[in-house]
2 protein chains.
Amino acid sequence: MDEEIHTGETCNARINSVKDALYVLSGKWKLPLIIALMNGPLRFKEIQRSLTDITPKMLSKELRELELNDLIERKVFHTVPVTITYELTSYNKTLLPIIKSLGDWGKKHRKRLVEERRSDPIKV
Amino acid sequence: MDEEIHTGETCNARINSVKDALYVLSGKWKLPLIIALMNGPLRFKEIQRSLTDITPKMLSKELRELELNDLIERKVFHTVPVTITYELTSYNKTLLPIIKSLGDWGKKHRKRLVEERRSDPIKV
DNA sequence: CAGTATCCCTCCGGATACTG
DNA sequence: CAGTATCCGGAGGGATACTG
């Protein structure tokens with residue numbers, strides 16, 4: 001019963017928790033979409049332009065799934081014509097550590113790959 | 001030029017870094033596999049037993065991809081018959097923040113969902 | 001044991017067109 | 001604008017059998 005020793009049990013629990021997180025954030029566009037909304041609310045078409053190349057079908061689907069998990073909120077303004085915006089919920093902020101750690105690691109990993117290739121052909 | 005303000009540029013950079021990370025860790029089994037190896041080196045068959053239901057084809061593929069990214073190391077021992085083990089590299093430790101944040105969030109999110117459903121029918 | 005080789009199928013996601 | 005409807009290809013991944 002130490003502290004963070006990995007017994008088989010805690011290991012499996014950890015795997016399952018990670019799987020849960022990955023499930024909610026699965027798909028090609030969910031995290032990019034969330035990051036795009038970190039600047040503030042956007043309308044459907046604006047998100048499309050922001051995430052170049054996402055089709056309306058995909059965007060609609062990803063938005064719906066994120067809404068179901070309380071990670072974004074859809075707001076309807078009864079202007080003429082109607083205006084609809086999407087914004088991050090406060091619960092979404094709990095994802096920040098994930099986004100930060102992924103972003104940090106991705107950045108460093110890319111740098112690492114570049115340096116590796118640069119030193120490769122020289123062969124000291 | 002403040003600090004962490006999200007301009008369009010840093011936003012895109014962040015999206016790309018996150019995408020890079022997700023790319024390396026993509027697939028159904030990579031993170032579970034890494035977590036399974038956090039207890040120490042394992043042999044092929046042992047990993048299979050640890051990650052119930054992964055087929056040898058998938059395991060082989062995921063191991064190879066992780067090895068190419070320097071995240072695990074394959075060691076050959078010339079016993080008879082030959083023994084092969086897989087273990088995490090020291091570079092793999094850099095993934096810890098990702099695994100931790102994903103695990104933490106997944107755990108809390110599941111708890112949240114359970115509580116939500118529990119309070120749902122009561123309607124205070 | 002430590003994998004490879006095939007077959008097969010689901011479903012993710014793109015392209016395109018259409019609606020209120 | 002804010003989406004939905006349809007069609008479709010290809011990658012991801014499972015089942016099974018086989019090899020050194």
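Within every chain, numbering begins at 1; the chains are lettered A, B, ... in the order of the sequence lines, protein sequences first and strands thereafter. None of the values given here were measured: they were computed from a predicted structure.
The NZ-P distance, from B:Lys19 to C:dG13, rounds to 12 Å in whole Å. If you measure from atom NZ of A:Lys61 to atom P of D:dA5, you get 15 Å, rounded to the nearest angstrom. Here the P atom of nucleotide D:dA2 and the CG atom of A:Leu42 are 11 Å apart, to the nearest Å. Between B:Tyr23 atom OH and D:dA11 atom P the separation is 12 Å, expressed in whole Å. Rounded to an integer number of Å, the gap from A:Leu51 CG to C:dG14 C1' is 15 Å. Counting to the nearest Å, the P atom of C:dC12 and the NZ atom of A:Lys30 are 9 Å from each other. Rounded to an integer number of Å, the gap from B:Tyr86 OH to C:dC1 P is 14 Å. When rounded to the nearest whole Å, the span between CD1 of A:Ile47 and P of D:dG3 equals 9 Å.
In the interface, the side chain of A:Lys57 is not paired with the base of D:dG3 through any donor and acceptor atom under 3.5 Å apart.
Among C:dA2, D:dG3, C:dC1, the nucleotide with an atom closest to any side-chain atom of A:Ile84 is D:dG3. Listed nucleotides: D:dG3, C:dG13, D:dC1. Nearest to the side chain of A:Arg49: D:dC1.
For B:Ser60, no side-chain nitrogen or oxygen approaches OP1 or OP2 of C:dG3 to under 4.0 Å. OP1 or OP2 of C:dT4 lies within a sub-4.0 Å distance of a side-chain N or O belonging to B:Arg64. Between B:Lys45 and C:dA2, a side-chain N or O to OP1/OP2 separation shorter than 4.0 Å is absent. The side chain of B:Arg43 contributes no N or O atom lying less than 4.0 Å from OP1 or OP2 of C:dC1.
Within the 4.0 angstrom heavy-atom criterion, base atoms lie near A:Pro56.
A salt bridge links A:Asp104 to A:Lys100: at least one charged side-chain nitrogen sits closer than 4.0 Å to a carboxylate oxygen. One finds a salt bridge joining A:Lys30 and A:Glu62 here, because a Lys/Arg side-chain nitrogen approaches an Asp/Glu carboxylate oxygen to under 4.0 Å.
Checked against the 6.0 Å centroid threshold, A:His109 and B:Tyr91 count as a close aromatic pair.
The nucleotide C:dG20 finds its pairing partner in D:dC1, both defining distances of the Watson-Crick or G-U wobble pair being shorter than 3.5 Å. For D:dG12, the paired base is C:dC9 (Watson-Crick or G-U wobble, both distances below 3.5 Å).
Put simply, the side chain of B:Glu46 gets close to the backbone of B:Arg43: a donor and an acceptor are under 3.5 Å apart.
At a cut-off of 3.5 Å, with distance as the only test, a side-chain donor of B:Arg64 or B:Ser60 sits close to an acceptor on the other residue.
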